[in-house]
Amino acid sequence: MKKKKGINPSRMRCPYCKAPMILRSADGIYQENSQNVKLYVCRNYPNCDTYVRTKPGSAFPLGTPANRELRALRIQTHRCFDALHQNGYMAKRDAYIWLAAFLQVPQSQAHIGYLGEYSCRLVIAESKRMLQRYEQQDQNVQMRRYHDTVKQRTAESC
C-alpha cells in the first residue's frame with residue numbers, strides 16, 4: 001500500500017472523544033454498501049458517531065473524521081460549491097483552484113472533506129455570493145439582449 005506523507009491512519013484518533021479510529025466496513029453505517037466501502041470509525045461508535053470514508057481499495061482516509069453535524073455541513077458545503085461548476089460558471093478544475101485560493105491552502109488540501117465547521121460556513125457563504133453575482137450577470141446579459149432586440153425591431157419598423 002502506498003503511504004501518503006504525514007498521514008498515519010493507524011494512529012488516527014477521534015477529534016471529539018480522542019478514542020482510536022478503527023478501519024472497518026461501512027456495513028451497518030451505510031444503508032447499502034454494495035461497493036464495499038471502508039471507513040475509519042471511532043472505537044466508541046455509535047455513542048460517538050464519528051467516521052471518515054477511505055479511498056476505494058485503500059486504507060487512505062478521504063478527509064478528516066467528522067461527527068453527524070459536520071458531515072451534514074460538509075454535504076451542504078459541497079452542494080453550494082458544486083453549483084459553481086455544475087451551472088457552468090467555471091470548470092470543475094477552476095472551482096478547486098478558486099477553493100484553494102479562498103482557503104489559502106495548497107491545491108492538494110483544497111477538499112471539503114478536510115474542512116471544519118468554520119471553513120464550511122465560509123465556503124457556503126462565499127459560494128452563494130458568487131452564484132448570485134454570476135446569476136445577476138446572466139440576467140444583465142439577457143436584459144441587454146432583450147433591449148437590443150427591441151431596438152432592432154423598432155429601427156426596422158421605422
Side-chain angles (χ1 to χ4, degrees), residues 1-140:
M1 181 176 75
K2 192 174 178 182
K3 203 172 182 182
K4 288 272 188 165
K5 185 177 178 182
I7 296 175
N8 186 349
S10 66
R11 292 191 176 167
M12 284 178 49
R13 294 221 168 250
C14 174
Y16 303 97
C17 73
K18 308 302 181 215
M21 302 292 289
I22 299 164
L23 181 62
R24 59 165 269 196
S25 168
D27 293 345
I29 295 176
Y30 286 6
Q31 288 182 347
E32 184 193 299
N33 190 19
S34 60
Q35 296 182 359
N36 297 319
V37 172
K38 301 281 187 199
L39 306 170
Y40 280 99
V41 180
C42 177
R43 182 183 67 198
N44 294 326
Y45 183 86
N47 293 333
C48 181
D49 184 26
T50 301
Y51 57 85
V52 62
R53 191 169 53 105
T54 63
K55 184 175 178 179
S58 80
F60 183 73
L62 290 175
T64 58
N67 64 8
R68 181 180 314 270
E69 293 81 20
L70 181 54
R71 289 192 307 273
L73 192 56
R74 285 177 177 172
I75 289 168
Q76 181 184 1
T77 304
H78 246 301
R79 285 186 184 135
C80 293
F81 170 75
D82 289 347
L84 292 170
H85 62 85
Q86 289 173 347
N87 289 329
Y89 296 126
M90 59 177 69
K92 188 173 184 176
R93 181 179 183 278
D94 293 336
Y96 277 97
I97 291 170
W98 168 81
L99 182 63
F102 179 73
L103 295 171
Q104 298 181 350
V105 298
Q107 260 188 274
S108 62
Q109 295 174 16
H111 297 284
I112 292 168
Y114 292 125
L115 301 184
E117 290 180 26
Y118 178 76
S119 296
C120 281
R121 292 184 201 290
L122 290 176
V123 171
I124 289 168
E126 189 60 24
S127 296
K128 286 180 178 180
R129 274 194 287 276
M130 289 181 69
L131 284 168
Q132 287 173 342
R133 272 189 256 138
Y134 283 124
E135 289 167 359
Q136 184 64 45
Q137 288 172 354
D138 283 352
Q139 288 174 357
N140 291 343

*Asks:* Should we say atom CZ of Arg24 is surrounded by more than 12 heavy atoms from elsewhere, each under 6.0 Å from it?
*Replies:*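 Yes.
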*Asks:* Any donor-acceptor pair under 3.5 Å linking the side-chain atoms of Asn33 with those of Ser25?
*Replies:*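 Present: a donor and an acceptor within the cut-off.
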*Asks:* Might you point out which heavy atoms bring Ile29 and Tyr45 nearest each other, and give the distance in Å?
*Replies:*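 Between these two residues, the closest heavy atoms are CG1-OH, 3.5 Å.
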*Asks:* Within the distance-only criterion (no hydrogens, no angle test), does the side chain of Arg53 pair as donor or acceptor with the backbone N or O of Leu39 below 3.5 angstrom?
*Replies:* no
*Asks:* Check the orientation of His111 and Tyr96. Use parallel for under 30°, tilted for 30 to 60°, and perpendicular for over 60°.
*Replies:*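 Answer is tilted, since the angle falls between 30° and 60°.
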*Asks:* Between Arg74 and Gly113 (side chain of the first, backbone of the second, donor and acceptor by atom type, cut-off under 3.5 Å), is there such a pair?
*Replies:* yes
*Asks:* Nearest heavy-atom pair of Ala91 and His85: which atoms, and what distance?
*Replies:*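 Reported closest heavy-atom pair: C-CB, 3.9 Å.
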*Asks:* In terms of the angle between their ring planes, are Trp98 and Phe102 parallel, tilted or perpendicular, with boundaries placed at 30° and 60°?
*Replies:*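 Parallel: the ring planes of Trp98 and Phe102 meet at under 30°.
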*Asks:* Could you tell me which non-hydrogen atom of Pro65 sits nearest to which non-hydrogen atom of Met21, and how far apart they are?
*Replies:*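 Nearest pair, atom of Pro65 first, then Met21: CB-CE, 3.7 Å.
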*Asks:* Might you point out which heavy atoms bring Tyr16 and Cys48 nearest each other, and give the distance in Å?
*Replies:*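 So the minimum-distance heavy-atom pair works out to CB-SG, 4.3 Å.
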*Asks:* Please check this pair: side chain of Tyr40 against backbone of Ala59, looking for a donor-acceptor N/O pair closer than 3.5 Å.
*Replies:* yes
*Asks:* CG/Leu99 to CG/Leu84 distance, rounded to the nearest 0.5 angstrom?
*Replies:* 9.5 Å
*Asks:* Taking the six-membered ring for Trp, are Tyr89 and Tyr134 parallel (under 30°), tilted (30 to 60°) or perpendicular (over 60°)?
*Replies:*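 Ring orientation of Tyr89 relative to Tyr134: parallel.
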*Asks:* Of all heavy-atom pairs between Val52 and Pro61, which one has the smallest distance, and what is that distance?
*Replies:* CG1-CB, 4.0 Å
*Asks:* Look at Asp49 together with Arg71 and state whether they make a salt bridge at an N to O cut-off of under 4.0 Å.
*Replies:* yes
*Asks:* Which heavy-atom pair separates Lys128 from Cys80 by the least distance, and what is that distance?
*Replies:*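 Heavy atoms only, the tightest pair is CE-SG, 3.8 Å.
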*Asks:* Report, one line per pair, each donor and acceptor closer than 3.5 Å where one atom sits in a side chain of residues 116-126; sequence neighbours left out.
*Replies:*
from	atom 1	to	atom 2	distance (Å)
Glu126	OE1	Arg129	NE	3.0
Glu126	OE1	Arg129	NH2	2.9
Glu126	OE2	Arg133	NH2	3.3

*Asks:* Enter the distance from Leu115:CG to Leu103:CG here, rounded to the nearest 0.5 Å.
*Replies:* 5.5 Å
